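Remember, predicted model here, so these are calculated numbers, not experimental data. Reckoned from all heavy atoms, side chains included, excluding hydrogens, waters and symmetry mates. Naming convention: chains lettered A, B, ... in sequence-line order (proteins, then strands); numbering from 1 in each chain.
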There are 2 protein chains.
Amino acid sequence: MARTTRQRAAVAAVFDTLEGFHSAQEVHARLRTSGDGVGLSTVYRAVQALADDGELDSIRTDSGEALYRRCSTQHHHHLVCRTCGRTVEVAGPTVEAWADRIAGEHGFADISHTLEIVGTCADCRAAAAAS
Amino acid sequence: MARTTRQRAAVAAVFDTLEGFHSAQEVHARLRTSGDGVGLSTVYRAVQALADDGELDSIRTDSGEALYRRCSTQHHHHLVCRTCGRTVEVAGPTVEAWADRIAGEHGFADISHTLEIVGTCADCRAAAAAS
DNA sequence: GAGCGCATGAGAACCATTGTCAACTCACCG
DNA sequence: CGGTGAGTTGACAATGGTTCTCATGCGCTC
């Protein structure tokens, strides 16, 4: 199993050249545009296979879309403004350590986690106050 | 806007009697069973309106389903086994404090956050090792 | 009580994702 | 190097949660 085919390599290559999170749909569109035709089903399968192998991390958007990113990129979390959508990336060594500890206490291993903080940024609070 | 109708009250009532996270579909089924017929569209609208008003928190399942819960219930996070799906609820005062601090540093207020820890539980590791 | 609008709900539309299945292709064997 | 078979592919259909549409209904205000 896990044969190395042109399509699978193409999908993996996309994540090598791209930073951050990307959807399966986006990968598919990107491959189509770049001339490497890869079927949509295949992109989904490849992406899931990569995620199973631990080469990709996955999260879900608020709209229910699945996003993937190369695992090795340094870990960070998102601080999102609920009004204007502005996003700040924050590192959280405290949280990493806490998650590992909690997971260990419950007998869990091979931990990964996702954390999103949602709030209202200073600008939007000012704008709201002015109205 | 935000009129007080029977349907909206019914949806809100469901979350008063239920602990934890529940999907819109589940709320709809529950209302249907209990005799209060409320349209699916209306459940979605009510749930979103409640979320907008800050009365409900929402997260997404791995399968893309949206889950909601009453905000006031004590805050906790989920530790999920990626193999068998077993879920442990964990409290995280450390994380709460950290999130508040980080958000404050970036000028964000009215913070809420979601945190999911995914790993492999002891049982599933043992099962995997046996195979 | 009358009238204005927002709210409702049945069904259709939407869209990301998953399933299907015949054709294909890679890896290995001889 | 050609054959062989099992894993892969991809066009298309199906699924399922969510959103949209629009005619009808009901809460509110006057």
A/Thr42: partners by side chain to side chain contact (heavy atoms under 4.5 Å, CB included), with sequence neighbours left out: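 So A/Thr42 forms a side chain to side chain contact (heavy atoms under 4.5 Å, CB included) with A/Gln7, A/Val38, A/Arg45.
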Nearest-angstrom distance from the residue atom [atom1] of [X] to [atom2] of [N]:
X       : N      : atom1 : atom2 : answer
A/Arg6  : C/dA27 : CZ    : P     : 14 Å
B/Arg32 : C/dT8  : CZ    : P     : 15 Å
A/His28 : D/dT9  : NE2   : C1'   : 12 Å

Hey, could you give me each pair passing ring pair (Phe, Tyr, Trp, His ring centres under 6.0 Å) that has a residue in residues 11-61 of chain B? Not counting sequence neighbours. B/Phe21-B/His78
Contact under 4.0 Å: [X] side-chain N or O vs [N] OP1/OP2:
X       : N      : value
B/Arg45 : D/dT18 : no
A/Arg8  : D/dT9  : yes
A/Thr5  : D/dT9  : yes

Any residue meeting side chain to side chain donor-acceptor pair (under 3.5 Å) with A/Arg30, in chain and number order, not counting sequence neighbours: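 Side chain to side chain donor-acceptor pair (under 3.5 Å) check on A/Arg30 returns A/Glu26.
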Suppose we screen for side chain to side chain donor-acceptor pair (under 3.5 Å). Which residues come up paired with B/Ser58, at least two apart in sequence or across chains?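 With neighbours one apart ignored, the set is empty.
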Using the side-chain heavy atoms of A/Gln7, tell me which of these nucleotides is nearest: D/dG10, C/dT8, D/dT8. D/dG10
For a quick check, with a 4.0 angstrom heavy-atom cut-off, what is the B/S/- contact string for nucleotides 11-18 of chain C, read 5' to 3'? B----SBB
Could you tell me whether A/Arg32 atom CZ has more than 12 heavy atoms of other residues or ligands within 6.0 Å of it? no
Quick one: hydrophobic cluster around B/Leu79, which other residues, with the 4.5 Å side-chain cut-off, linked directly or via members?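 Grouped by the 4.5 Å side-chain rule, A/Leu79, A/Val88, A/Val90, A/Val95, A/Trp98, A/Ile102, A/Phe108, A/Ile111, A/Leu115, A/Ile117, B/Val88, B/Val90, B/Val95, B/Trp98, B/Ile102, B/Phe108, B/Ile111, B/Leu115, B/Ile117 form the rest of the cluster around B/Leu79.
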